[in-house]
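Notes for the one structure printed next.
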Amino acid sequence: MIRSEGVRIRLPASTANLGPGFDTLGMALSLYAWIEMKVSEQTKFHFYGDEMKDIPEDKSNLVYQVAQMVFDEAGVQIPEIEISMYSEIPLTRGLGSSASAIVGGMAAANALIGSPLSNDKLFDMAAGLEKHPDNVGASLFGGIITAIWDGTHADYIRIEPHEELEVLVVIPEFQLSTSAAREVLPEQISREDAVYNISRSSLLVAALSNGRFDLLGPSMSDRLHQPYRASLVPGMSMILRDAYNYGALGIALSGAGPTLLALVDRRSQQKQELETYLLHTMNEHGIQATVRWLEPSKDGVVIYSDVQSEPFIDMIKGEIKA
Ligand code: HSE
């Protein structure tokens, strides 16, 4: 059944890998994108916010394209839609902006036609487009996700983030595409490095599940991607080595970078010190950056029950202020 009044959804940014869990671990973060989708006589786009400036406003648009994939899968034809979107998720910085467009477009389209597809089906479709399930899983389901993907189907378990876990991200001004950050990775790794990562990734999942903050540091190191990506992010090697001295429980490249992400105990007395250290180290390496304190987002996609008469952008302004 098509919802003639249209639909509105909200979904979170995400970080991937958390160090050793390359292409498998993800966590939703409290930066959001909002999408409104309506059936229309002619396809139209209304984009708001600085992050949406360079996004194409024609049928090549990713949100439009994935919406059509959902309609095809469900056997309905809605070639013309009106899409409004506001996003606070920085583009191409390792915070899951492309996953948010994919998951957001799919979830909005599915809601628009009365949700015939399950979230698990949307997860398979989204993982198929991204080619890894980490960011899309976190954006869709919220919390912390551990997932496998066999090329067609994804299985996952969602872990509830610990109440005292906070996240500090340092976001460099420059952009780094995932494809460029994957090109520097070797095709093969040694058995020793494979064991290094499997053991740490396994321990990390157990530490996150059990609130073992003392083990986040030892379990968040990686030999599969971060050492190869270090040359792309000036200051990264030093920060990965030393951030523990400034109060980080764990530190990793966020997804394919260039953002770096520190897990922090909310009760830490060293928060300001860590913030200053991260910014200072980036600046020392010639990189302009901003820091943001975020929460793990417990919510994934939220579908608003009613589309009220309030204009889309006014609704969002109200939510951002709240
Ligand atoms: N797991 C992916 C990577 C995340 O590290 O390349 C980026 O989308």
Side-chain angles (χ1 to χ4, degrees), residues 13-29 31 89-99 130-139 144-146 165-186 189 193 196-197 200-201 204-205 208 216-244 246 248-264 274-275 277-279 281-294 296:
S14 57
T15 184
N17 307 328
L18 293 169
F22 181 69
D23 281 359
T24 185
L25 295 181
M27 178 164 68
L29 296 172
L31 279 174
I89 308 172
L91 287 184
T92 336
R93 299 300 211 300
L95 290 167
S97 58
S98 90
E130 275 271 279
K131 306 280 182 248
H132 32 83
D134 41 10
N135 289 105
V136 289
S139 245
I144 297 165
I145 292 294
T146 173
L165 199 61
E166 229 182 318
V167 177
L168 179 61
V169 286
V170 55
I171 310 171
E173 229 169 43
F174 71 91
Q175 303 194 351
L176 177 58
S177 75
T178 300
S179 57
R182 289 178 88 86
E183 256 167 38
V184 298
L185 305 182
I189 57 159
D193 286 354
Y196 186 96
N197 266 65
R200 278 157 185 79
S201 182
L204 176 57
V205 169
L208 288 166
L216 294 178
S219 60
M220 276 176 77
S221 55
D222 158 77
R223 285 191 188 163
L224 196 47
H225 67 110
Q226 292 182 168
Y228 306 101
R229 288 171 163 172
S231 61
L232 304 175
V233 185
M236 167 176 160
S237 302
M238 187 184 274
I239 289 174
L240 293 188
R241 190 189 64 211
D242 294 340
Y244 298 99
Y246 300 88
L249 294 170
I251 179 93
L253 186 66
S254 181
T259 294
L260 297 170
L261 163 129
L263 299 185
V264 181
L274 181 60
E275 211 181 297
Y277 165 72
L278 292 177
L279 272 183
T281 310
M282 281 282 171
N283 291 344
E284 258 189 338
H285 286 82
I287 303 297
Q288 291 303 312
T290 49
V291 285
R292 288 198 67 157
W293 284 98
L294 301 174

Hey, does the side chain of [X] reach the backbone of [Y] with a donor-acceptor pair shorter than 3.5 angstrom?
X	Y	answer
Asn17	Leu25	no
Arg200	Ser221	no
His225	Gly19	yes

Contacts table for residues 249-263: side-chain donor-acceptor under 3.5 angstrom, sequence neighbours left out:
| residue | atom | partner | partner atom | Å |
| --- | --- | --- | --- | --- |
| Ser254 | OG | Thr15 | OG1 | 2.7 |
| Ser254 | OG | Gly94 | O | 2.7 |
| Thr259 | OG1 | Arg93 | O | 2.8 |

Heavy-atom pair with the smallest gap, counting every atom of [X] and [Y]:
X	Y	result
Glu130	Ser98	OE2-OG, 2.8 Å
Asn197	Arg223	OD1-N, 2.8 Å
Gly96	Asn135	CA-ND2, 3.7 Å
Ser219	Pro20	O-CG, 3.2 Å
Ile287	Pro172	CG2-CB, 3.7 Å

Using a 4.5 Å cut-off on heavy atoms from C-beta on, say whether the side chain of [Y] contacts that of [X].
X	Y	result
Leu240	Asp222	no
Val170	Thr281	no
Val167	Pro296	yes
Phe22	His132	no
Trp293	Val264	yes
Leu165	Leu216	yes
Ile145	Pro133	no
Met282	Val291	no

Using the ring-ring contact (aromatic ring centres under 6.0 Å, His included) criterion, which residues pair with Tyr244? Sequence neighbours excluded.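 In terms of ring-ring contact (aromatic ring centres under 6.0 Å, His included), with neighbours along the sequence ignored, Tyr244 is linked to no residue.
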Please report the interatomic distance CG(Leu91) to OG(Ser97), rounded to the nearest 0.5 Å.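 Between Leu91 CG and Ser97 OG, I get 5.0 Å after rounding to 0.5 Å.
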Taking side-chain hydrogen bond (donor to acceptor under 3.5 Å, both in side chains) as the definition, give me every residue that meets it alongside Gln288, ordered by chain and number, with sequence neighbours left out.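 So Gln288 forms no side-chain hydrogen bond (donor to acceptor under 3.5 Å, both in side chains) with any residue.
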Should Met236 and Gln226 be marked as a side-chain contact (heavy atoms from CB on, under 4.5 Å) after you check the CA-CA gap, both sets of side-chain angles, and the distance that decides it? CA-CA 9 Å; Met236 167 176 160; Gln226 292 182 168; 3.8 Å; yes
